[in-house]
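See below for the structure under consideration.
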Amino acid sequence: DQAVVRKSLEDLYPFLENRLEFRWIHQRIQSMGKIWVEAGRSLSAKYNLTERKAQHILVHPGVVTNESGLKIAETAFSGGPLGELVQWSDLIATLHVLGHHLHLSASLPDLKNFLGFQTNGCPLRHSKVEANLIYTDIIGLKQFQHAFPATWMKYKCVIRVLDSFGTEPDFNHAVWARENNLMSPFGRLNLIPAQFYTMFPHTPDNTFLGFVVQHQLSSELSEQLNSTKRRNQALVYGKSSKFWEGKEAYLDVIHKYLEIHGTADNSTLIPSYVKNHGIIKGTEVQTLLRQSKVFVGMSFPYEGPAPLEALANGCAFLNPRLRPPQSRLNSEFFKGKPNIREVTSQHPYVEAIGEPYVWMVDMFNETEVERALTSILNQSIEPYLPYEFTCEGMLQRVNVLIEKQDFCSSGGRWPPLSALQVVKAEAGTSCKQACQTTGLICEPAFFPHLNSNKGLANHGVDCQTSEVTNSHMVLPAYNSTKHCLFQSDPLLFSCVRSNQSLIRICPCRDYIKDQIALCKACI
Ligand code: UDP
């Protein structure tokens with residue numbers, strides 16, 4: 001049957017409502033219901049969305065399951081991490097609006113039931129429906145692998161793994177990771193790196209899934225807010241006590257200029273001048289942002305949704321620099337993550353947006369903080385939100401990924417080869433950097449097209465000699481004597497590594513402005 005863009009989210013609610021695991025997710029989706037429906041309508045008006053097959057999609061967020069032991073669903077209302085729940089909510093809403101058949105699972109019994117097994121693991125019946133696509137996370141995937149070792153292999157190529165911070169190819173490759181001591185509890189899954197779906201565009205080896213930034217309010221709230229002017233008010237980014245520790249001097253400086261509000265859980269020790277609202281609903285956070293001029297980062301949590309919400313609601317963001325940059329090598333938080341990305345501030349994505357929206361500060365340098373604050377108070381800014389973080393942008397992106405991205409058949413037909421642009425990366429430079437410097441993005445799907453004498457000759461590289469090997473993460477590449485090295489193991493293709501003595505030949509592509517996941521010919 002055909003997928004028809006839905007005009008209501010009502011069918012989605014009964015299941016979400018009945019499950020504690022989905023309570024926060026339900027609340028978020030419902031608060032954005034009208035906006036989702038409107039976004040579906042406006043996307044349909046721009047593109048022909050009629051000729052699509054309705055897919056059966058299994059959604060299993062391991063993070064909300066009781067079996068994970070994480071208690072994320074429980075702590076959602078009392079200061080626990082919400083970034084992943086934001087992303088799951090928005091993905092579920094997206095799939096529903098796009099008209100697909102959703103099968104939601106929040107436990108191992110749910111998973112067993114969908115796959116057609118009894119709780120004791122014996123086949124019960126043939127599953128009524130086969131999943132065309134499965135969205136899970138690393139915890140969920142491990143549950144799946146453990147409970148159904150044979151079945152999971154059958155589904156391997158239709159799995160998409162939500163993975164906020166990303167998995168770089170060398171950590172993903174089980175043998176390479178072991179031999180090179182790149183150990184992580186989340187690595188060594190041997191998937192195609194693009195099967196990992198990230199929160200922000202991190203390594204282009206993964207797919208950027210993203211989420212939605214709340215920026216529209218219900219009409220009643222909007223009206224109410226239009227009558228209140230933006231006050232000399234700052235909102236502090238910090239839900240729990242540990243983010244506030246040692247930040248008194250920094251907040252004292254800000255307090256000289258602005259009234260300070262917070263949304264910290266009520267047990268948090270905070271300076272007496274802070275007006276604390278406790279943990280509140282997303283829409284109420286938005287209201288506070290609309291009344292404030294500055295959103296104050298305190299250097300943790302890293303790379304969350306909140307700073308983008310602040311910009312989208314017209315606040316400037318104080319973005320603390322991290323010196324030295326944090327990575328798995330020096331940070332407890334990133335230690336177990338399967339990548340070696342260096343994080344240079346609390347929020348590198350918005351760092352690139354820059355002033356007058358985002359102000360980099362050293363929290364312990366009073367002069368610098370004061371300079372940023374006076375500049376912010378001397379100018380007014382308009383709300384800022386890239387298209388890729390709107391409902392319509394997410395619908396567009398996920399729809400194209402569902403229709404076009406395919407890891408089950410070989411010979412990848414997407415992105416279209418016409419989008420390929422080849423760039424050389426000087427020794428010591430990665431393809432991620434080299435493509436970026438020319439205003440493009442590295443596209444790992446194109447590596448195989450360059451991975452041969454002929455492939456390189458087509459792009460003006462004449463190899464004197466060559467070899468095929470699996471001993472590097474930077475291939476195809478050549479050295480100073482025009483000796484070419486080709487990759488023998490496709491799982492070792494990677495955008496992010498460099499080598500001091502090899503010149504990389506990089507597959508790049510263009511992208512739609514503010515929709516970096518898609519090339520211009522991709523849609
Ligand atoms: N948020 C909320 N209530 C609050 C504070 C924050 O609902 O009292 C929301 C916020 O609007 C954002 C989400 O929590 O949508 C995630 O926030 P954050 O950036 O802190 O990410 P996390 O570290 O929780 O993943």
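Whatever order the structure lists them in is the order used to number ligands and atoms, beginning at 1.
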Q. Quick check: does A306 get an N/O under 3.5 Å from an N/O on ligand 1?
A. yes
Q. Any N or O of G304 that comes nearer than 3.5 Å to an N or O of ligand 1?
A. no
Q. Between D205 and S494, is any side-chain donor less than 3.5 angstrom from a side-chain acceptor?
A. yes
Q.
Just to be sure I'm reading this right: ignoring hydrogens, which of E84, K239, Q87 gets closest to atom 17 (O) of ligand 1? Compare them by their nearest heavy atoms.
A. K239
Q) What do the steps show when you test E388 against R397 for salt bridge (charged side-chain N to carboxylate O under 4.0 Å, His left out), and what is the final call? A) CA-CA 8 Å; E388 56 201 354; R397 180 169 66 251; 5.1 Å; no
Q) Which of the numbered atoms in ligand 1 are below 4.0 angstrom from a heavy atom of P301? A) 20 (O), 23 (O)
Q. What's the verdict on disulfide (SG to SG under 2.5 Å) for C495 and C442, showing C-alpha distance, side-chain angles and the deciding distance?
A. CA-CA 6 Å; C495 293; C442 178; 2.1 Å; yes
**Q.** Atoms in ligand 1 with a heavy atom of P81 nearer than 4.0 Å
**A.** 24 (O)
Q: Starting from atom 7 (O) of ligand 1, find the nearest protein heavy-atom neighbour and note its residue, name and distance.
A: I280 O, 3.3 Å
Q) Under the salt bridge (Lys or Arg N to Asp or Glu O under 4.0 Å) test, which residues partner D90, sequence neighbours left out? A) R28
Q) Any idea which protein heavy atom is nearest atom 25 (O) of ligand 1, and the distance to it? A) G83 N, 2.6 Å
(Q) I need the nearest protein heavy-atom contact for atom 21 (O) of ligand 1: residue, atom name and distance, please. (A) P305 CD, 3.3 Å
Q.
My understanding is that only residues two or more places apart in sequence, or in another chain, count here; which of them pass side chain to side chain contact (heavy atoms under 4.5 Å, CB included) with K404?
A. V400, W414
(Q) By the definition side-chain contact (heavy atoms from CB on, under 4.5 Å), identify the one residue from H26, K281, Q214 that meets it with S31. (A) Q214
Q) Which ligand 1 atoms are under 4.0 Å away from a heavy-atom of I279? A) 8 (O)
Q | Test log, rule ring pair (Phe, Tyr, Trp, His ring centres under 6.0 Å), inputs F165 and F186 | A | CA-CA 11 Å; F165 298 93; F186 303 110; 10.0 Å; no
**Q.** Heavy-atom nearest neighbour in the protein, as seen from atom 10 (C) of ligand 1, with distance rounded to 0.1 Å
**A.** E309 OE1, 3.3 Å
Q: Starting from the C-alpha separation in whole Å, work towards a yes-or-no answer on salt bridge (charged side-chain N to carboxylate O under 4.0 Å, His left out) for K256 and E366.
A: CA-CA 11 Å; K256 284 203 257 171; E366 191 172 328; 3.4 Å; yes
Q) Looking at CG of L311 and CD of E309, how far apart are the two atoms once the value is rounded to the nearest 0.5 Å? A) 10.0 Å
(Q) Suppose I only count heavy atoms of G282 and a 4.0 Å limit; which atoms of ligand 1 are within that range? (A) 7 (O)
Q.
Check contact between Y237 and ligand 1, using heavy atoms of the residue and a distance below 4.0 angstrom.
A. yes
(Q) Looking only at protein heavy atoms, which one is nearest to atom 13 (C) of ligand 1, and what is the separation? (A) L82 CB, 3.8 Å
Q: Give the numbers and elements of all ligand 1 atoms closer than 4.0 Å to a heavy atom of T263.
A: 5 (C), 8 (O)
